[in-house]
Enquirer: 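I'd like to ask some things about the structure below.
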2 protein chains.
Amino acid sequence: MSEKPPDFTKPYSTVDLVIFTVRDDALSVLLVQRANAPDEPYPLRWALPGGYIDVDRDFDLLDCAKRKLKEKTSLVSPYLEQLGSFGDRERDPRGWSITQVYFALVPSSEIRLQAGANAIDARWFEIGSGETKVRERLAFDHERILTAAIERLRSKVEYTSLPAYLLPEEFTLSELQHIFEIVLARRLDKSGFRTRVLDAGLITKVPRVRRATNRPAQLYRLKDRSAPLVFPRTLGAKN
Amino acid sequence: MSEKPPDFTKPYSTVDLVIFTVRDDALSVLLVQRANAPDEPYPLRWALPGGYIDVDRDFDLLDCAKRKLKEKTSLVSPYLEQLGSFGDRERDPRGWSITQVYFALVPSSEIRLQAGANAIDARWFEIGSGETKVRERLAFDHERILTAAIERLRSKVEYTSLPAYLLPEEFTLSELQHIFEIVLARRLDKSGFRTRVLDAGLITKVPRVRRATNRPAQLYRLKDRSAPLVFPRTLGAKN
DNA sequence: CTCAATAGTTGTAGTGTGCAACTAAGTAAG
DNA sequence: CTTACTTAGTTGCACACTACAACTATTGAG
């Protein structure tokens, strides 16, 4: 590991979050507006929520990410996974810095936004169905990070049941399929979707139905809300 | 991003490498033995090669990883991808530290090992076909990191042509299949493997054959030695 | 009672895979 | 020169899975 003494110049380390949800049938990401302080870089620009690691409070990186997620959304245990780290000399004008990026999936129904310490506002931004396309110019290298996160989300959705975390705990198969279609930005075949999802054994029936002005729909929930949720093969094509 | 001033206590940041190769039909990983210095943690223990980020020399994380790879193996451009970061309060006795881990695939034929600054020896260790099973107790949390790297490698091999990077630039389909079988620790079907690999269009013929004491074999090479190399679906089962 | 709407199932053609046998092309030995 | 051996590469078939489309089921509204 070491080849220089530990008192060698250290880069700054932050943890940032890409928090996804689906609102009004659109995949959206949470951004915060940076403060207008004189010594803060990128004042008033929109950025991914995040901040410095608190070596006293945070035991590890995931801890730190959880803390920041809770600060922003008051949510405790949705899906949270490491996306990767981005570090170079220029991304922060204050010097060599590294950000550890985590990405989270939250159900839109259960969140109340809170702006953080250095942020003056927090808002959901829709992601253009085709590409990245948050219309704002983001602070730091967050544009690039967001693009990577979207790419990762889309590719994982092909072979996992991740989008279930974007729904409340109980959901119908139609709702699940709808969320998949939103994230993937393409239609899926109904019968294929159902057999695939059910055969994978990731969800189970709950003894309840969702009633509307038509045939009631069976409700399901994730079997294990903390498992990786991989199913074999990929998803099918358009309907 | 920020919520504490930039002069807030920073964690140590290092970059470590998991360098894989295949030697004598066994997947192997490069480890270095730590120096026996009084102020160095884990003296004489085996560890993943790596070290501190040099904020003056390294422009970004990948740069830093490339530099360290070159120092250890004198190789310049094989496969190098980010595995993830591991950071907590206890992994290094000197304090809160984060390591950015990259993993590399190199052809065993083209390497000459070099021990680094803080290492007194560098050696290849075979990975037990089933599990992790490098018999040594590794320094820091490197055991855990290595396990994660092996898992990532195996899972990516199911749907990418990554193992091609473990071979020299030109190879036969039989050699490629053999390398796949070593990494996956299971047999593959010949005809299925061939159609899959060729249909994916990731490799092209070179107008040469490999001659031995039997039927000569067509040589191939990767079409784009820097591309991600994903092919659809997963690999088949045993032969 | 009928209609509209969504839930959920069934049927079929085509494609991909697993498995195994087969052919091809060279070397080496007698 | 011929035969045997070895590895390269192909072919064929049964089976499973998928895409696509049509069908049935169950409710509320009017």
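A, B, ... follow the sequence lines: proteins, then strands. Residue 1 opens every chain. Scope of the values below: all heavy atoms of this structure, side chains included, with no hydrogens, waters or symmetry mates. Note that this is a predicted model, so its numbers are computed, not measured.
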Enquirer: Find the distance B:D199:CG to D:dG9:P and express it as a whole number of Å.
Expert: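 It is 16 Å, rounded to the nearest whole Å.
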
Enquirer: Counting heavy atoms from C-beta on, name the nucleotide in D:dT7, C:dA28, D:dG9 closest to the side chain of B:L173.
Expert: D:dG9

Enquirer: Rounded to the nearest Å, what distance is computed from the CG atom of residue B:L219 to the P atom of nucleotide D:dG9?
Expert: 9 Å

Enquirer: Please state how far atom CZ in A:R211 lies from atom P in C:dA7, giving the value in whole angstrom units.
Expert: 14 Å

Enquirer: Does OP1 or OP2 of D:dA8 have a side-chain N or O of B:S174 closer than 4.0 Å?
Expert: yes

Enquirer: Measure from CZ on B:F171 to P on D:dG9 and round the result to the nearest Å.
Expert: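 It is 13 Å, rounded to the nearest whole Å.
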
Enquirer: Measure from CZ on B:F193 to P on C:dT17 and round the result to the nearest Å.
Expert: 13 Å

Enquirer: Taking only residues two or more places apart in sequence or in another chain, which ones pass side chain to side chain contact (heavy atoms under 4.5 Å, CB included) with B:S174?
Expert: B:T172, B:R194

Enquirer: In whole angstroms, how far is the C1' atom of C:dT6 from the CD atom of A:E175?
Expert: 12 Å

Enquirer: Filter on ring pair (Phe, Tyr, Trp, His ring centres under 6.0 Å), then keep only pairs touching residues 180-207 of chain B, sequence neighbours left out; what's left?
Expert: B:F180-B:F193

Enquirer: OG of B:S85 to CG of A:L83: how many Å apart, nearest 0.5 Å?
Expert: 9.5 Å

Enquirer: Atom pairs under 3.5 Å, N or O on each side, protein against nucleotides 9-13 of chain C: can you list them with distances?
Expert:
{"residue": "C:dT10", "atom": "O4", "partner": "A:S191", "partner atom": "OG", "Å": "3.4"}

Enquirer: Listed by chain and number, what are the ring pair (Phe, Tyr, Trp, His ring centres under 6.0 Å) partners of B:F86, not counting sequence neighbours?
Expert: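 With neighbours one apart ignored, the set is empty.
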
Enquirer: Could you tell me how far apart B:Q177 (CD) and C:dC19 (P) are, to the nearest whole angstrom?
Expert: 13 Å

Enquirer: Taking for each residue the nucleotide of DNA chain D with the nearest heavy atom, is it A:A212 or B:G192 whose nucleotide lies nearer the 5' end?
Expert: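 Final value for this comparison: B:G192.
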
Enquirer: Run the ring pair (Phe, Tyr, Trp, His ring centres under 6.0 Å) test against A:W124 and tell me which residues pass, sequence neighbours left out.
Expert: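 In terms of ring pair (Phe, Tyr, Trp, His ring centres under 6.0 Å), with neighbours along the sequence ignored, A:W124 is linked to no residue.
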
Enquirer: Please state how far atom CD in B:Q218 lies from atom P in C:dA24, giving the value in whole angstrom units.
Expert: 18 Å

Enquirer: According to salt bridge (Lys or Arg N to Asp or Glu O under 4.0 Å), who are the partners of B:E170, at least two apart in sequence or on a separate chain?
Expert: B:R208

Enquirer: For the pair A:E175 and A:R221, find out whether any cationic side-chain nitrogen is under 4.0 Å from an anionic carboxylate oxygen.
Expert: no

Enquirer: Side chain of B:D189: nearest nucleotide among C:dA20, D:dA8, C:dA28?
Expert: C:dA20

